[in-house]
Amino acid sequence: MTEATEFDILGDIKEDEQGTAVSRATGFSLCRYSEDSRTLTVRGWIADGEGVVELRFLAPGGRLLGQAVLSETRIDVLRRYGTTNQVPNGFRVSLECGLRVGDQVMVEFVAEDGRLLGSRAARASEAEIFAVESLEYDTASKQLSYEGYFVPGRQIRGMSITLSRGRTEAVDEMFVHRKDIGQRITNGANLYAGFRGRVFHAGQGDLKAATLIAHYVNGEDRSFPLPIENTVYDAPRAVIEKLEINWLVGKFRLHGWFRAFQEVTRIDISVAGQLCHSIPVINSSDAVMKQQRFKGPIAREFTIEARLEDAFENLGLLCSATSPEVSISLYNRTSLLLEQVQAARDTVVQKASLSYSAFDRRNSVLALQGCYVGAARPCSLQVLCNGVAVGQPLAVQASADHGAMMPGVQAGEWSWMYDINGVVTASTRISVRLFDENGLLLGEADAPTLRPTVVSGHEVVEGLDVEAQAAAQHAHNFARRPLPPNTVLFTLQGSITLFYGGGAVRLLDLMRFFHNAGYTVMLVDRTAPWEIARRPAVYREMREYVDHHLMIPQLIKSQMLALSIAEMERKPDADLHDRKLIDKLKEVQKKGRLMSADSKALAERADTHFNYMCTALANHFSPRLAISSYVWSAEFHQGLRPGIYGMIDTVDMQVMRYESFCDAHARFGPAAVPNLEKYALSEAEELRFLSLAQGFIAISRQERDWLASRLGAHRVVAAGVSVTAPVAPVQRRNSGRAHPIVLFVGNLYEPNTFSLRRFVQEQWAGVTEAVPGAKLVVCGRVGEGLQDLADPSIELTGIVDSLADLYQRATIAINPVLFGSGLPVKTVEGLSNGKAVVCTEFGARGLEDAVACGALIVTPFETIGERIIQMLKDPGGRRAVEEAAKTFVRNSLSPETVMADLMNFVESRIFYNPA
């Protein structure tokens, strides 16, 4: 009698002709069909076999497949239904018939008089398929190696191998992924059907009747004899241990080993059908011999490390392969010893990276950044928190620059901010999925060791892992990008998201201009990921014309410096220039500061760590043009490769600023510049720093002339601040005499705080008396130095993301500064927003043409209040000034006008004199 545990399909309780209940439950335990042998194997039962004399098996449509009788007693069925009759109640039948996998098979239980006592139907499943594809015996090591696949009809719990002398060992590896199984076998076979293993200390006599045994979960076993006649003796072996393809940095690494009983004189390796042209490094390996328990011929390890474009011809085909297989061929002097295709034991293909994830609780914004390389361009991105999708896939931000990094391979950077309705903590695992235009998955990116940084409402940063963040940011910065020859790299010793004032406006203006002119723009600054979500609107706008944003956060720059040194030391083709820069970076790591400066104006502002890391990045990407901001960035230019033309955008000449501050200190006293020593600087020292660059951008004609007379006119070009789209005067809610608004915009800067304070103390009361309801709106960090001037008629807004609303509300704008240097950017902003601007002579420096055409109202400081009153009370005169401002901006401040000399200067040096 047979024990079993299957009750797959249970029938109903039947009644006989007298109405007495009898158990006629029926079931199929097995219904399997092999299309190759045309054999149907069925197994089943009926709870009470009394009176059953015949079984009929029917195909769809009632076609008779065969007949049988109950032939075994199922103890498990008797126990289940409490039947005491010990007559046979089970069957196990094999029928040769025509059928298809998936067809329904019916079994009928028939009585002696032809009555139907019960029936049951089941669909024919795939038959169990067993195949041993490889059987090899190593005579020196006495090892038997085997590999194959097994598609069971029932669930199995394990497999073992039994040798001729009764020795049994478990199969080493089961459920090995075999993607080819689905191509060989129909009916959705399990792709994890492979098995492989080795038996050690096996004599040749052990092979005579060796079998593989499948152990089913119901306790049954099934034996499959090994095809010993197919055993290959002393065959060469090769194993690919690890395959690494990092598309982000364009590197390829493959490691494995081989062993042959004949001399190997040549080894060929292909990946995804692409022949690898790089030469492997081959060494004898005692470690492999010990690990594999080999005796006899020595095993040899081989390693290939190369750049992808050096190793393979058709990178597009290689990049499109989802699971690249490796083909290895071993040759001796006269013949092919081994040709084998296999998947590496460990395959790592990196096409996408996540360099940071930061969540700002104050405005519920999640910020992400990363890179992607693939055969197709990613069009949408899905964010996952702890493996759960957040919202719907959204379009990849349009600012991401995609281009051909290598033939047939697309690459680019993506930056993304999401207003998330939920809570992200420092322990949340963030990952992303990238999709193409058809919604097909291109790749996934996560950072298992990098958790999101979370900024609380009190600006506390939680979850910052310094080492992990530095590693992720470094990998992002050095990831390969498709940079065309017309690439401009900008550096800013500060955070673009927290950078305020005229310098910020200036840098954004230059980057916007080059982007609109068709250049690829790359920015390197000290922005930290956890700062980005603080001003999301500002960052989104910036990324519209910054194609690549590389960050060197202040908190982790020391760790990133160490990683930069290691990155350059690993460079296989490092030249003399690279080695010199490595020495400089090590010196920076040791000393902290290289260039000595007598003045605090330069000594305290030059960030040597940042500057030299920017140099390493510039040399890595080799843009044709590199522009740094301010004189204290001069060290950046010291190590640039000869093919990179480096320029300093002076923004504001520090020696001119110091002279202006000295004059203000003498005229107005210490209150004008409380810490004059902070700005102390000699002309010789500033020129010593500036001379490290090849060219200079001056923000005004006055600065251009000063630089040209000292450093040579051929190295200097003037470019002011341009206006991309001047805003026409708009209909204001506050017009005429009804609550007019006077607007001042400024940074926390001595000329602003001193001049505005004096204006308020001496003249603002007169304005409010002459124009009741007038309000002074002070925007920017300058308000931090004016907190004591609290007054109902004065509003201190602090920093705002967009000035457009303030200018729309404003009646006029003012710039009453009493001293200063450079270009008065706030005056340009007022003009560009179509406002009548009342200013002092210092507030109009460099804008003499605007004064000449009536677009600016310039007056001595003592009478600025009177001119404000005049403008507020005279709408007609004010509109005339606004129209003049609009005309001046359109004719004189357009990018085509302001940047014309800069464009001619740059292109003449980059394209016509590339050296």
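Just so it is clear, the values below take in all heavy atoms, side chains as well, and ignore hydrogens, waters and symmetry mates.
- Nearest approach of Cys614 to Val524, heavy atoms of both residues: SG-CG1, 3.6 Å.
- Looking only at atom types and distance, the side chain of His637 has no donor-acceptor partner in the side chain of Gln694 under 3.5 Å away.
- Using a 30° and 60° split on the angle between ring planes, Tyr519 and Phe514 fall in the perpendicular class, above 60°.
- Proximity of a side-chain donor or acceptor of Glu686 to a complementary backbone N or O of Ala684 within less than 3.5 Å is not detected.
- At distances below 3.5 Å, not a single donor-acceptor pair connects side-chain atoms of Asp346 with backbone N or O atoms of Glu241.
- Looking only at atom types and distance, the side chain of His277 has a donor-acceptor partner in the side chain of Glu313 under 3.5 Å away.
- The two residues His476 and His549 have their closest heavy-atom pair at NE2-O, 3.8 Å.
- Counted within 6.0 Å of NZ on Lys580, heavy atoms from surrounding residues, nucleotides or ligands total 12 or fewer; the atom is thus considered open.
- Rounding to the nearest 0.5 Å gives a distance of 10.5 Å between CZ of Arg253 and CG of Leu243.
- With respect to Glu531 and Arg526, no salt bridge is recorded, no charged nitrogen being found less than 4.0 Å from a carboxylate O.
- When side chains are defined from C-beta on, Asp578 counts as touching Arg641, because their heavy atoms get closer than 4.5 Å.
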Which is it for Asp310 and Lys251 under the salt bridge (charged side-chain N to carboxylate O under 4.0 Å, His left out) test, yes or no, and what are the steps along the way? CA-CA 9 Å; Asp310 296 336; Lys251 292 183 179 179; over 6 Å; no
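- Applying the 6.0 Å contact sphere to CG of Leu576 captures more than 12 heavy atoms from other residues, nucleotides or ligands.
- Counting all heavy atoms, side chain and backbone alike, Pro324 lies closest to Val271 at CB-CG1, 3.8 Å.
- Across all non-hydrogen atoms, the minimal contact from Pro553 to Met560 is CD-SD, 3.9 Å.
- Under 4.0 Å is where a charged nitrogen must lie from a carboxylate oxygen, and between Glu305 and Arg570 no such pair does.
- Considering all non-hydrogen atoms of both residues, Gly503 and Tyr630 come closest at CA-OH, 3.3 Å.
- Rounded to the nearest 0.5 angstrom, Asn619 CG and His577 NE2 are separated by 4.5 Å.
- In terms of modelled atom types and a separation under 3.5 Å, the side chain of Asp547 and the main chain of Val521 share a donor-acceptor contact.
- Checked by atom type and distance alone, the side chain of Thr520 never pairs as donor or acceptor with a backbone atom of Val488 at under 3.5 Å.
- Classification of Glu685 and Arg688 as a salt-bridged pair holds, one side-chain N sitting under 4.0 Å from a carboxylate O.
- When all heavy atoms of Val349 and Thr347 are compared, the pair lying nearest together is CG2-CG2, 3.9 Å.
- A heavy-atom distance below 4.5 Å is found between the side chains of Gln469 and Pro529.
- Using cut-offs of 30° and 60° for the angle between ring planes, the Phe252 and Phe312 rings count as perpendicular.
- Ser353 and Ser355 share no side-chain donor-acceptor pair at under 3.5 Å.
- Taking CE of Met417 as the reference point, atom CD1 of Ile532 lies at 7.0 Å (rounded to 0.5 Å).
- Here CZ of Arg624 is found 12.5 Å from OH of Tyr645. Values are rounded to the nearest 0.5 Å.
- For the atom pair CD of Glu635 and NE2 of His609, the computed distance is 11.0 Å after rounding to the nearest 0.5 Å.
- Taking the charged nitrogens against the carboxylate oxygens, Asp446 and Arg433 have no contact shorter than 4.0 Å, which rules out a salt bridge.
- A distance of 7.0 Å separates NZ of Lys557 from CE of Met613, quoted to the nearest 0.5 Å.
- Between Gln493 and Ser633, the side chains place no donor N or O within less than 3.5 Å of an acceptor N or O (distance only, hydrogens not considered).
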